[in-house]
Each structure stands twice: as C-alpha cells, then as structure tokens.
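A, B, ... follow the sequence lines: proteins, then strands. Residue 1 opens every chain.
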2 protein chains.
Amino acid sequence: MNIEARAQSFEEALRRAGVRITRQRAALLRVLAAAEDHPDAAQLHARATEAGAAVSLATVYRTLAALEAQGVILKLEFAGEPARFEPADGSHHDHMIDVETGEVREFVNERIERLQAEIAAEMGYEIVRHRLELYVRRRT
Amino acid sequence: MNIEARAQSFEEALRRAGVRITRQRAALLRVLAAAEDHPDAAQLHARATEAGAAVSLATVYRTLAALEAQGVILKLEFAGEPARFEPADGSHHDHMIDVETGEVREFVNERIERLQAEIAAEMGYEIVRHRLELYVRRRT
DNA sequence: TTTTGTGCAAAGACTTTGCACAGGA
DNA sequence: TCCTGTGCAAAGTCTTTGCACAAAA
C-alpha cells in the first residue's frame, strides 16, 4: 500500500468516527503513513514540523488516540521507552528489539500464536490481545 | 521456599552487592518475600507501612532497583499500569493478565520458549530477554 | 453558525534525584 | 568513625487535560 492510499484510509477511519480532518491531522496522517520505522509521539511531532506542518504535541497525542480507538494504528509499549506507533494494516505480527541499536523488526509465527491460544484455553481463558517481544542481540 | 528463607536470600544478595541492610530494607524484603501477588511500588510501600515499618516511597524504589540489579527480583511492566515486582527464585515463566479483574497468573511453555529462540536464531540474533503477556478474559 | 479541534500551559501519574541529616558496619 | 542510606521535596519523563480561541462542516 502506498503512502497516499494509506493516509486516505486513515482519513476515512477518522471520518467514520465523526472526527474532522484538519490541516494538522492531514499532515500527521501522512507522516504516519510514510513511517517505515516505529516512531514515538515526539518523533512524529518532529517529522510533521520538519515537513512544514506545525502541529502541537498535544494534537499529536490526541490524534494518535483517535486513530488507535479506530483500530487503524497500534500503540507499542516496549520496556522503558515512550510508546511507539505503527499502522495496523497488515496482518498481526510480533516484535524483536535489538537491545544494542534499538532497531525493531517484525516477525510472525503461526505455531506460537496457536500455542498461546491453547495455553489460555487450558486455563479457562480466551485471549483478548497479547504481547510478545524478543529483546535480542546480533549473534557474533 | 518459606518467607523468612526468601527474605534471607534477598539480604544475602544485597550484602553481596555491598549494600547495607537497614531497618527499612529488612522490612521491605520481608514484605516482598511474603507477596504472593505481583505488587507495585505503592502497594509494597503500603504493606510495609501497615506492618509497622515506615519506609519512604523513595526508599522502596531505591531498594527495588538494587534488588533488580542483583537479579533477585523481576520488574514487570504490563500495559498501562505502574511496574509490578516479583521474586525471581523459581524458574522462568510468562504472565497471563485477566483484563477484567487484573489478576495475574503465571505459566510456562517449553515449546514457545524453543520457538522464540529458533526465530531469533533464524534472523541472526540471540535472545537477551523476552516478554510474553497474554491479556485474557475468562471463557463464558 | 455550530460544534469540534488546536495550542498552550498546567496538571497528572509514575519514577528518580539532590541534599542535609541519620544510622549501619 | 566513615560512608552509605533515608526522607523530603523537587525535578524528570511521558502523557493528558482545561480553557479560550480558531477553524472544519
């Protein structure tokens, strides 16, 4: 999905929620749509500013909250750092964080997903959501 | 392991680190050793106070940091709540959080552990630590 | 025009820290 | 005695919010 199309789908999601598309939000949606990493609120704010669209940090947080409520972005809360955000288009995946560089990589493993569901079921629960993060170091 | 024995092992760990055992720390270690749930700093503070041992919240945080640095307790950072702590005696386990009640249950699954290591290895990494949390709801 | 959004600064939640005094070893 | 620990309050970090003004629809 290209950047503009993704930004459009963010706009639709917000409109669906009865939220207005303002200059600030439009700019922020494009910054988010273009992000290939997993930026935090401050980084998104900086990128929007850099792109010439002044947006206050408060608005960044408010817009992120609205997008998250609509389920079009995901909030990632890794250990000991500010929350990061990513578009929620694709399929579910988990994260691997390089403790040396801070780089985040995504991965999926069907077997792990299945095992999680089984474990929960055995204990009498169903999974609402889960969080699996591998903090890793490059092998030498 | 009974409470006193566990508290003793905490003391030893601190002494090994060249940390003094003060009245406050001794009290806190006992509160921690007795905890069967996964209390946060404020709860530990309240329990110590209730037990008649006044400890400031700052000291609670400082002592928890020292214990964590020694590896005898683990800091759990679940989504959207203050950090919780648990003794690190037993074997490794992951956590299942009931989103309705906040109750935390522990579980282990050897297969998931192995799969995680495999995934990391395939991508050229080794795991430093990991975090697996299932946010669940009781099945109806 | 009506209603929601924005920016700012203040407040909030959790955690850490500087400093002067207290108290372990 | 010497040096670390303690309590307090202040500061720090990330995030949310009240309010008056601005701007979508």
Side-chain angles (χ1 to χ4, degrees), chain A residues 7-8 10-32 38-46 48-49 51-70 73-85 102, chain B residues 7-8 10-32 38-46 48-49 51-70 73-85 102:
Chain A
Q8 291 291 343
F10 285 160
E11 289 198 2
E12 280 157 35
L14 288 184
R15 260 192 279 266
R16 232 179 290 129
V19 168
R20 291 177 185 171
I21 306 303
T22 60
R23 176 186 62 73
Q24 290 87 334
R25 284 181 175 156
L28 197 51
L29 298 189
R30 267 139 198 95
V31 169
L32 252 178
H38 302 75
D40 61 29
Q43 290 172 315
L44 291 168
H45 177 249
T49 304
V55 182
S56 73
L57 192 50
T59 292
V60 171
Y61 276 111
R62 281 189 277 232
T63 302
L64 289 171
L67 291 166
E68 198 201 356
Q70 285 310 106
I73 64 169
L74 291 175
K75 184 180 190 177
L76 308 175
E77 300 178 89
F78 299 142
E81 42 171 298
R84 297 167 174 237
F85 299 85
Chain B
Q8 291 291 342
F10 286 160
E11 290 199 1
E12 279 157 36
L14 288 184
R15 259 192 280 267
R16 232 178 291 129
V19 168
R20 290 176 185 170
I21 307 303
T22 60
R23 176 187 61 73
Q24 290 88 333
R25 285 184 175 154
L28 197 52
L29 297 188
R30 267 140 198 91
V31 170
L32 253 177
H38 300 74
D40 61 29
Q43 290 172 314
L44 291 168
H45 177 248
T49 304
V55 182
S56 72
L57 193 50
T59 293
V60 171
Y61 277 110
R62 282 188 276 233
T63 302
L64 289 171
L67 290 166
E68 198 201 356
Q70 285 311 106
I73 64 169
L74 291 175
K75 184 180 191 176
L76 308 174
E77 300 177 88
F78 298 143
E81 43 172 298
R84 298 166 173 238
F85 299 85

Checklist entry - Which residues satisfy the side chain to side chain contact (heavy atoms under 4.5 Å, CB included) test with Val31(B), sequence neighbours excluded? => result Leu44(B), Arg47(B), Ala48(B)

Item to check | Partners passing side chain to side chain contact (heavy atoms under 4.5 Å, CB included) against Ala83(A) (at least two apart in sequence or in another chain) | outcome: Lys75(A), Glu77(A), Phe85(A)

Pairwise N/O distances under 3.5 Å, protein to nucleotides 2-6 of chain D:
from   : atom 1 : to       : atom 2 : distance (Å)
dC3(D) : O2     : Arg20(B) : NH1    : 3.1
dT4(D) : O4'    : Arg20(B) : NH1    : 3.3
dG5(D) : OP1    : Arg25(B) : NH1    : 2.9
dT6(D) : OP1    : Thr22(B) : OG1    : 2.7
dT6(D) : OP2    : Arg25(B) : NH2    : 3.2
dT6(D) : O3'    : Gln24(B) : NE2    : 2.7

Item to check | Terminal contacting nucleotides, 5' and 3', DNA chain C versus chain A (heavy atom, 4.0 Å) | outcome: dT3(C) to dC8(C)

Checklist entry - Heavy atoms under 4.0 Å, any strand shown: does Ala83(A) hit a base, just sugar-phosphate, or nothing? => result sugar-phosphate

Next on the checklist: Applying side chain to side chain contact (heavy atoms under 4.5 Å, CB included), can you list everything that pairs with Ala17(A), at least two apart in sequence or on another chain?
Outcome noted: Val19(A), Gln70(A)

Checklist entry - With sequence neighbours excluded, what pairs up with His38(A) under the side-chain hydrogen bond (donor to acceptor under 3.5 Å, both in side chains) test? => result Glu86(A), Glu106(A)

Next on the checklist: Per the side-chain hydrogen bond (donor to acceptor under 3.5 Å, both in side chains) rule, what does the pair list look like for residues 56-65 of chain B, sequence neighbours excluded?
Outcome noted: Arg25(B)-Thr63(B), Ser56(B)-Thr59(B)

Item to check | side-chain hydrogen bond (donor to acceptor under 3.5 Å, both in side chains) against Gln8(B), all qualifying residues, sequence neighbours excluded | outcome: Glu4(B)

Item to check | For Glu81(B), salt bridge (charged side-chain N to carboxylate O under 4.0 Å, His left out) partners two or more places apart | outcome: Arg84(B)

Checklist entry - So which pairs with a foot in residues 10-22 of chain B pass salt bridge (Lys or Arg N to Asp or Glu O under 4.0 Å), sequence neighbours left out? => result Glu11(B)-Arg15(B), Glu11(B)-Arg30(B)

Checklist outcome for this item: Arg15(A) atom CZ is separated from dA24(D) atom P, nearest whole Å, by 13 Å

Checklist entry - For the helix from dT1(C)-dA25(D) to dA25(C)-dT1(D), what is the angle between the axes at its two ends, each from 5 pairs, rounded to 10°? => result 30°

